[in-house]
Every structure is written in structure tokens, then in C-alpha cells.
Amino acid sequence: MGSQVSKQVERRKAIHTEKKILSDLRNSGEDYPGSDYHPSDRKNWMSELTPEKVEIRKIVWPGTHDSATNKIGIPCITRPFAQCQSLSIYQQLVMGTRLVDIRVQEDRRVCHGVLLTYSIDVVIKDVKKFLSETQSEIIILEVRTEFGHEDPPEFDNYLEEQLGDYLIPQDDKVFEKTIAEVLPKRVICVWKPSKTPQPKAGSPLWSAGQLRDNWINTDLPSTKFESNMKHLSEQQPVTSRKYFYRVENTVTPVADNPVLCVKPVTRRIHGYARLFISQCFAKGCADRLQVFSTDFIDKDFVDACVGLTRARVEARA
């Protein structure tokens with residue numbers, strides 16, 4: 001018992017120390033090319049940047065982690081342990097999110113670990129509603145079979161039937177194209193099954209290797225911040241890459257810590273998105289940043305990504 005108490009005391013000290021590291025680092029500034037830009041219409045921010053000028057590879061995609069968890073589990077009982085977003089998929093897209101991360105189980109219900117929520121049909125309906133209300137917004141829809149679950153039967157066919165002509169086929173040349181050149185197709189759908197075959201080049205769906213990341217499971221904010229920076233610096237610049245690379249500005253509850261609810265834990269790093277981008281410039285790897293995701297997305301996170309995208313379009317970054 002005594003050793004467990006001692007362990008928790010040390011754990012709290014480590015968290016306090018790591019939060020202070022990021023707080024102190026913020027004194028170095030959070031400015032970067034485009035950091036002062038705020039789109040007048042987040043729902044149509046890609047259109048505002050002029051689709052003829054915006055290359056797919058130069059977009060900094062504001063993303064959400066475990067995107068369809070706004071109604072997961074039982075309110076006030078199990079939901080706080082798995083909820084990573086408070087907005088629906090449609091609301092996230094309207095706010096400016098352009099990558100959503102969806103986890104499914106064998107019956108096509110969205111899940112996070114063992115907790116369940118609505119059917120994938122709800123997600124698709126929200127995506128289609130958003131697409132019907134906009135003209136030039138491109139979305140990356142990532143759907144994966146959750147760890148420990150079986151693939152939904154015939155799920156690739158389901159995605160192709162539901163999204164149809166919206167789908168941008170898997171093709172390395174897409175990265176070099178502008179938004180205008182891929183329109184009227186609007187969705188890059190990445191399907192990551194656990195056992196069934198991956199989509200192949202030329203398929204309407206994209207394979208797991210086309211959207212990569214280096215996830216680490218930690219609740220320590222500075223540790224995650226530095227890990228993100230290290231792995232990002234090891235990537236090729238976006239102008240020479242033929243896959244999307246994601247950085248997740250999140251930390252995760254861990255089993256040996258008394259704080260197991262998502263929101264108070266992820267808040268430890270949530271406010272440091274602009275600091276991360278500015279540090280990318282300071283460390284010479286800003287040209288590698290591409291997909292940037294978060295829990296509980298807000299307008300400032302979207303603006304941080306859109307501002308850098310605009311700076312790239314204008315050749316200022």
C-alpha cells in the first residue's frame with residue numbers, strides 16, 4: 001500500500017514537472033508564418049484559400065482523435081473514460097476539421113475500446129450533409145477496425161457504395177494536385193482493416209500505409225510533445241512524401257494513474273498546439289507537418305492549422 005502511494009506521489013510530481021516544461025517553453029513565443037490568420041468562414045476555409053492554388057500535399061489538415069465519441073458509453077458513468085470529442089462529426093466539419101478518425105467493430109458500430117456508440121451510418125450521414133452544403137472542401141475520412149475487434153463484413157463495399165462519386169481514388173499523383181484538380185471528388189477514405197486485405201493502388205479507398213503516425217501511450221505532456229517532434233523530424237518534407245503523416249496533440253489516461261477521465265488528462269497538452277507549430281519552425285521541421293490532430297477540437301486549433309496552410313499557399317512557409 002505504501003509503495004503504491006509513493007508511486008502516485010512521484011507520478012504527480014512528474015506530471016507537474018512536465019506541465020511546467022511546456023509552460024516555460026511558451027515564453028519563447030508562439031508566432032509562426034500565418035499564425036495571425038483567422039478564416040472568416042471555417043466551414044469553407046479551403047474555398048477561401050482559392051482551390052486552384054492549394055496543393056493537397058501543402059495542406060495542414062486539422063484533425064480529430066477518436067472523432068465519433070461525442071455520445072459514447074453512458075453519460076456521467078462510462079462516457080468520461082472514452083469521450084474524446086464533444087461535437088458531432090457534422091459539427092466538427094463545420095468548425096473546420098478536415099480529418100476524422102473513426103473506429104468500428106464487426107457490427108459497424110463505432111467504438112472506443114469496449115465502449116460503444118452509434119452506427120457508422122450516422123458518421124456517413126454527417127459527412128454527406130457537410131459535402132452537400134459545401135463545394136470545395138476536401139475531407140480525409142479514416143476508418144479502422146478497433147484493436148481487439150473483427151472487421152465488419154464487406155465493409156469496403158459498404159464504404160464505396162455510400163460515398164460513391166465523392167471518393168478520390170488511391171493515387172500518389174493526388175499529392176501533387178491542387179484541390180481544384182481533384183474536384184468534384186471530395187473524400188480521401190482510408191480503410192484500415194485488421195485482417196481483410198488492404199485497398200490497393202487505384203482503389204476507391206486508401207490503404208493504411210497512406211496515413212501514418214507514431215503513437216505513444218503516455219499521459220505526460222512534455223514527453224508526448226518531444227516524441228511528436230522527434231518522429232516528425234524523421235519524416236521527409238511534405239513536398240517529397242507520398243503518404244499523409246499525422247501528429248496527435250493528445251495525451252492519454254494510463255492505468256497506473258488515479259486520473260482516468262480523458263478530458264482532464266488531455267487538457268495537459270491541449271493548449272500547446274500553436275507552441276508545437278512554432279517549435280517546428282525553430283527546429284527546422286515545419287516543412288514536414290501535415291496532419292495535426294487533437295481531442296476536443298476548438299476554433300483556435302483549426303485556425304492554427306489553416307493559418308500555416310495559407311502561409312504555404314502564399315510561399316511564406
Side-chain angles (χ1 to χ4, degrees), residues 63-75 77-85 87-90 92-93 97 99-128 139-164 166-170 187-218 243-246 248 250-255 260-262 266 291 293 295:
T64 50
H65 166 245
D66 263 309
S67 307
T69 54
N70 57 308
K71 293 185 177 180
I72 200 160
I74 303 171
I77 300 176
T78 58
R79 185 170 297 171
F81 301 107
Q83 184 184 35
C84 298
Q85 307 297 331
L87 302 175
S88 70
I89 296 299
Y90 174 75
Q92 291 173 42
L93 294 171
T97 301
L99 178 142
V100 290
D101 153 30
I102 312 297
R103 323 288 178 89
V104 295
Q105 63 173 26
E106 47 272 27
D107 63 359
R108 297 183 182 174
R109 289 182 70 184
V110 176
C111 58
H112 185 183
V114 298
L115 295 180
L116 304 176
T117 183
Y118 40 70
S119 165
I120 187 68
D121 293 340
V122 176
V123 173
I124 299 298
K125 182 179 179 181
D126 275 7
V127 168
K128 287 181 174 180
I139 299 169
I140 300 177
L141 171 62
E142 177 195 20
V143 188
R144 71 176 85 175
T145 301
E146 178 69 305
F147 180 77
H149 291 274
E150 296 295 321
D151 298 324
E154 306 292 327
F155 197 66
D156 51 349
N157 293 335
Y158 166 82
L159 291 171
E160 291 177 27
E161 290 170 2
Q162 290 294 317
L163 296 168
Y166 284 125
L167 291 171
I168 301 170
Q170 182 180 167
V187 179
I188 295 171
C189 184
V190 182
W191 166 225
K192 297 182 175 181
S194 63
K195 295 179 181 178
T196 54
Q198 292 279 337
K200 297 180 180 179
S203 164
L205 307 178
W206 292 54
S207 63
Q210 302 302 112
L211 174 58
R212 308 177 191 179
D213 54 41
N214 291 97
W215 173 265
I216 66 166
N217 190 39
T218 182
Y243 59 89
F244 295 100
Y245 183 78
R246 169 171 49 203
E248 299 204 80
T250 62
V251 286
T252 310
V254 293
L260 296 176
C261 297
V262 174
T266 201
V291 177
S293 291
D295 291 326

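Quantities reported herein were computed from a predicted structural model and do not represent experimental measurements. Reckoned from all heavy atoms, side chains included, excluding hydrogens, waters and symmetry mates.
Between Ala68 and Val123, the closest heavy-atom pair is CB-CG2, 4.0 Å. For the residue pair Arg144 and Glu142, the shortest heavy atom distance occurs at NH2-OE2, 2.9 Å. Nearest heavy-atom pair across Val104 and Cys111 is C-SG, 3.8 Å. The two residues Pro169 and Gly202 have their closest heavy-atom pair at CB-O, 4.1 Å. The heavy-atom pair separating Cys189 from Leu159 by the smallest distance is SG-CD1, 4.0 Å. Between Val100 and Ile89, the closest heavy-atom pair is CG1-CD1, 4.2 Å.
Between atom CG of residue Leu115 and atom CD1 of residue Ile74 there is a gap of 8.5 Å, rounded to the nearest 0.5 Å. Here the OH atom belonging to Tyr166 is positioned 11.5 Å from the CD1 atom belonging to Ile124, to the nearest 0.5 angstrom. The CG atom of Asp121 sits 3.5 Å away from the OH atom of Tyr158 when rounded to the nearest 0.5 Å. The CD atom of Gln83 lies 10.0 Å from the OG1 atom of Thr78; values are rounded to the nearest 0.5 Å. Taking CG of Asp295 as the start and CD of Glu248 as the end, the distance is 8.0 Å to the nearest 0.5 Å.
Qualifying side-chain hydrogen bond (donor to acceptor under 3.5 Å, both in side chains) partners for Arg109, counting only residues two or more places apart in sequence or in other chains: none. For Asp101, the side-chain hydrogen bond (donor to acceptor under 3.5 Å, both in side chains) test picks out Arg103, with sequence neighbours left out. Every residue meeting the side-chain hydrogen bond (donor to acceptor under 3.5 Å, both in side chains) condition with Glu154, not counting sequence neighbours, appears here in chain and number order: Asn157.
Of the possible polar contacts, one joining the Trp206 side chain to the Ile168 backbone as a donor-acceptor pair under 3.5 Å is found. Proximity of a side-chain donor or acceptor of Gln85 to a complementary backbone N or O of Thr69 within less than 3.5 Å is not detected. Between the side chain of Thr266 and the backbone N or O of Val262, no donor-acceptor pair lies under 3.5 Å. A donor-acceptor pair under 3.5 Å links the side-chain atoms of Gln198 to the main chain of Ala208, judged by distance alone.
Residues Leu141 and Leu163 have side chains in contact (heavy-atom distance under 4.5 Å, counting atoms from C-beta outward). With a 4.5 Å cut-off on side-chain heavy atoms, Gln170 and Lys200 do not count as touching. Considering only heavy atoms from C-beta on, Leu99 comes within 4.5 Å of Ser293 through its side chain.
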**Message:** As a quick check of understanding, evaluate side chain to side chain donor-acceptor pair (under 3.5 Å) for Thr64 and Gln92, giving each step before the final call.
**Reply:** CA-CA 8 Å; Thr64 50; Gln92 291 173 42; 2.8 Å; yes

**Request:** Could you check Leu211 against Ile188 for side-chain contact (heavy atoms from CB on, under 4.5 Å), going step by step and ending with a plain yes or no?
**Result:** CA-CA 10 Å; Leu211 174 58; Ile188 295 171; over 6 Å; no

**Asked** What's the verdict on side-chain contact (heavy atoms from CB on, under 4.5 Å) for Lys195 and Glu150, showing C-alpha distance, side-chain angles and the deciding distance?
**Response** CA-CA 8 Å; Lys195 295 179 181 178; Glu150 296 295 321; 3.2 Å; yes

**Message:** Test side-chain contact (heavy atoms from CB on, under 4.5 Å) on Asp156 and Thr196; report intermediate values, then the result.
**Reply:** CA-CA 10 Å; Asp156 51 349; Thr196 54; over 6 Å; no

**Item:** Full working for side-chain contact (heavy atoms from CB on, under 4.5 Å) between Thr252 and Trp215
**Value:** CA-CA 11 Å; Thr252 310; Trp215 173 265; 3.2 Å; yes

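Put simply, the residue from Leu205, Thr145, Ile120 that forms a side-chain contact (heavy atoms from CB on, under 4.5 Å) with Phe155 is Ile120.
For Lys71, the NZ atom sits in a loose shell: 12 or fewer heavy atoms of surrounding residues, nucleotides or ligands are nearer than 6.0 Å.
Ser88 and Asn70 are not linked by any side-chain donor-acceptor pair at a separation below 3.5 angstrom, with hydrogens and angles left out of the test.
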